[in-house]
A.B. asks: 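Quick one: structure below, then a few questions.
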Amino acid sequence: MIRSPKKMFIPGPTEVHPDVLTAMTHYQIGHRTQEMRDLVKRVKPGLRTLFGTRGDVFLSTSSATCVMEGALTNLVKTKLLALECGAWSQKWADTAQPNGIALERQIVPWGKAHDPDDVRKALKTGAYDTVTLVWCETSTGVLNPLADIAKVVREFDDVMLCVDAVSALAAVPIDVDALGIDVCLAGTQKAMAMPPGLGVFSCSERALKRAASKPQRGYYMDFLQFKKNGDNDETPSTPTTAHIFALEAALGRIHGETMEKRAERHRRMAKLTQDWAREHLAIFSDPAHLSPSVTCIANAGKIDVDAFAKQLDARGFILGDGYGKLKNTTFRIGHFGEHTVDDVTRLLAAMTEAL
Ligand SMILES: *Cc1c(COP(=O)(O)O)cnc(C)c1O
């Protein structure tokens, strides 16, 4: 079935356009063939534009978590400064220890954003060679001040900046080169509006140099292998070809709409949702740092989130529940990807009815 019977408003996976799904039914091609290299060659420019980089972009047959872990195994030599403000940034930090990577967590309360001055203070100790930042923390609906934090990190020589843009890429414009981001990664099942299973990432020259200076980078996610194969429009191992066909279709939709209009659409969907939340319940997160792609709504002691979600389900809408420790006190709406302002308006009307 190509069209879903219900509108999925969980913050990923999300609705996928029929054209993107249909692209996945392409006949099989060998991954070391010219046909495959042509496909990879076709998706690269659109991906570069999406990331805002003239540098390398790579395709990883994995979910985003694998690329998050790979960024650490390739880049951290001395110690990682892990910025933690919710479940996803916590998970990123959690990938360090099993790889024997030393880390310090700079933790802010869930719902808050990171403060660039605190990042500067930590980096001034000289203890860290890599920083991880989740741009849009999907568990709390916070969009961290990426530009300000990137500026701070770039004050320090040879400190790598790794950014998880999973739930923001294709919803909020980004300029990886201008910000000096070393690794920027995303999964495809969030604002890119594709099925889960493909990771995409950009990688700076500085990052590749750092990786080359590390004797152990892991095997599957060795960035130097991505570079070597990528230069030939190939991937280190057999990729999920179906997803790359889907990526071509998805990038066509994204750039067809234009990133500018897409960002505006996301801002409008977010504003409607935020206004609804303020009127009926409450917004969980810091009002100064609300994400255009995900809103985390606090039940404000007024509703039973489970019962509310069931009411919405009966009306044809699937909400995201609160994540981790926020499970019963919040719920989330992923207003990104293929969703429209009209979809959100209908959802909010149904939510008002369900109240
Ligand atoms: C969904 C998500 C991830 C993890 O993605 P997987 O594809 O499940 O590995 C990582 N970071 C953020 C911010 C996310 O929203």
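Atoms within each ligand, like the ligands themselves, are counted from 1 in listed order. Computed from a prediction, not measured in an experiment: that's the story for all the values here.
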A.B. asks: Only heavy atoms of T65, strictly under 4.0 Å: list the atoms of ligand 1 that pass.
C.D. replies: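 It comes down to these atoms of ligand 1: 4 (C), 6 (P), 9 (O).
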A.B. asks: Give the numbers and elements of all ligand 1 atoms closer than 4.0 Å to a heavy atom of C136.
C.D. replies: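 What qualifies from ligand 1 is 13 (C).
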A.B. asks: Tell me whether V131 is reachable from I107 by hopping between hydrophobic residues (I, L, V, M, F, W, Y) whose side-chain heavy atoms are closer than 4.5 Å.
C.D. replies: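 I107 and V131: separate clusters.
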A.B. asks: Does a donor on one side chain and an acceptor on the other come within less than 3.5 Å for T53 and D177?
C.D. replies: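 Side chains of T53 and D177: pair found under 3.5 Å.
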A.B. asks: Pick one of side chain, backbone, both or neither for how K91 approaches ligand 1, counting any non-hydrogen atom pair under 4.0 Å.
C.D. replies: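 For K91, there is no contact with ligand 1 at all, from either part.
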A.B. asks: So, F156 versus Y128, ring centres under 6.0 angstrom or not?
C.D. replies: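 Ring-ring flag for F156/Y128: false, centres at least 6.0 Å apart.
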A.B. asks: What atoms of ligand 1 come closer than 4.0 angstrom to any heavy atom of K190?
C.D. replies: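 Reading through ligand 1 atom by atom, the close ones are 1 (C), 2 (C), 3 (C), 14 (C), 15 (O).
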A.B. asks: Just let me know how E137 lines up against ligand 1, side chain, backbone, both or neither, with a heavy-atom cut-off below 4.0 Å.
C.D. replies: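 No part of E137 comes within reach of ligand 1.
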A.B. asks: I need the atoms of ligand 1 closer than 4.0 Å to a non-hydrogen atom of M68, numbered in the order shown.
C.D. replies: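 So the atoms of ligand 1 that pass are 10 (C).
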A.B. asks: Please determine, by modelled atom types, if E15 and S4 share a side-chain donor-acceptor pair under 3.5 angstrom.
C.D. replies: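 Note: E15 and S4 side chains meet the donor-acceptor criterion.
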A.B. asks: Specify the protein heavy atom at minimum distance from atom 4 (C) of ligand 1: its residue, its atom name, and the distance to 0.1 Å.
C.D. replies: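 Ranking protein heavy atoms by distance from atom 4 (C) of ligand 1, first comes W88 CZ3, 3.3 Å.
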A.B. asks: Under a 4.0 Å threshold between the charged nitrogen and the carboxylate oxygen, would D182 count as salt-bridged to R154?
C.D. replies: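 Yes, R154 and D182 are salt-bridged.
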A.B. asks: Check this for me, if you would: do D38 and K41 make a salt bridge, where the nitrogen-to-carboxylate-oxygen distance has to be below 4.0 angstrom?
C.D. replies: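 No salt bridge links D38 with K41.
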A.B. asks: Out of T138, V67, D164, L185, indicate the one that has the non-hydrogen atom closest to atom 10 (C) of ligand 1.
C.D. replies: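 Among T138, V67, D164, L185, the closest heavy atom to atom 10 (C) of ligand 1 belongs to D164.
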A.B. asks: Of the side chain and backbone of P196, name the one, both, or neither that has a heavy atom under 4.0 Å from an atom of ligand 1.
C.D. replies: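 For P196, there is no contact with ligand 1 at all, from either part.
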A.B. asks: Could you identify the single nearest non-hydrogen protein atom to atom 6 (P) of ligand 1 and state the distance to 0.1 Å?
C.D. replies: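 Heavy-atom neighbour on the protein nearest atom 6 (P) of ligand 1: S63 OG, 3.4 Å.
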A.B. asks: Do F284 and W110 have ring centres separated by under 6.0 Å?
C.D. replies: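 So the answer is no for these two rings.
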A.B. asks: Output the list of atoms in ligand 1 that are nearer than 4.0 Å to some heavy atom of A64, sorted by atom number.
C.D. replies: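 Result: 5 (O), 6 (P), 7 (O), 9 (O).
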A.B. asks: Out of all atoms in ligand 1, which are within 4.0 Å of some heavy atom of Q189? Include the element for each.
C.D. replies: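 Near Q189, the atoms of ligand 1 are 5 (O), 6 (P), 7 (O), 8 (O).
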A.B. asks: Side chains of H31 and T235: is there a donor and an acceptor less than 3.5 Å apart?
C.D. replies: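 Side chains of H31 and T235: no pair found under 3.5 Å.
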A.B. asks: With heavy-atom distances below 4.0 Å as the criterion, list the atoms of ligand 1 near V134.
C.D. replies: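 Close to V134: 13 (C).
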A.B. asks: Can a side-chain donor-acceptor contact be found between D343 and T340 if the only test is distance below 3.5 angstrom?
C.D. replies: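 On atom types as modelled, these side chains qualify, holding a pair under 3.5 Å.
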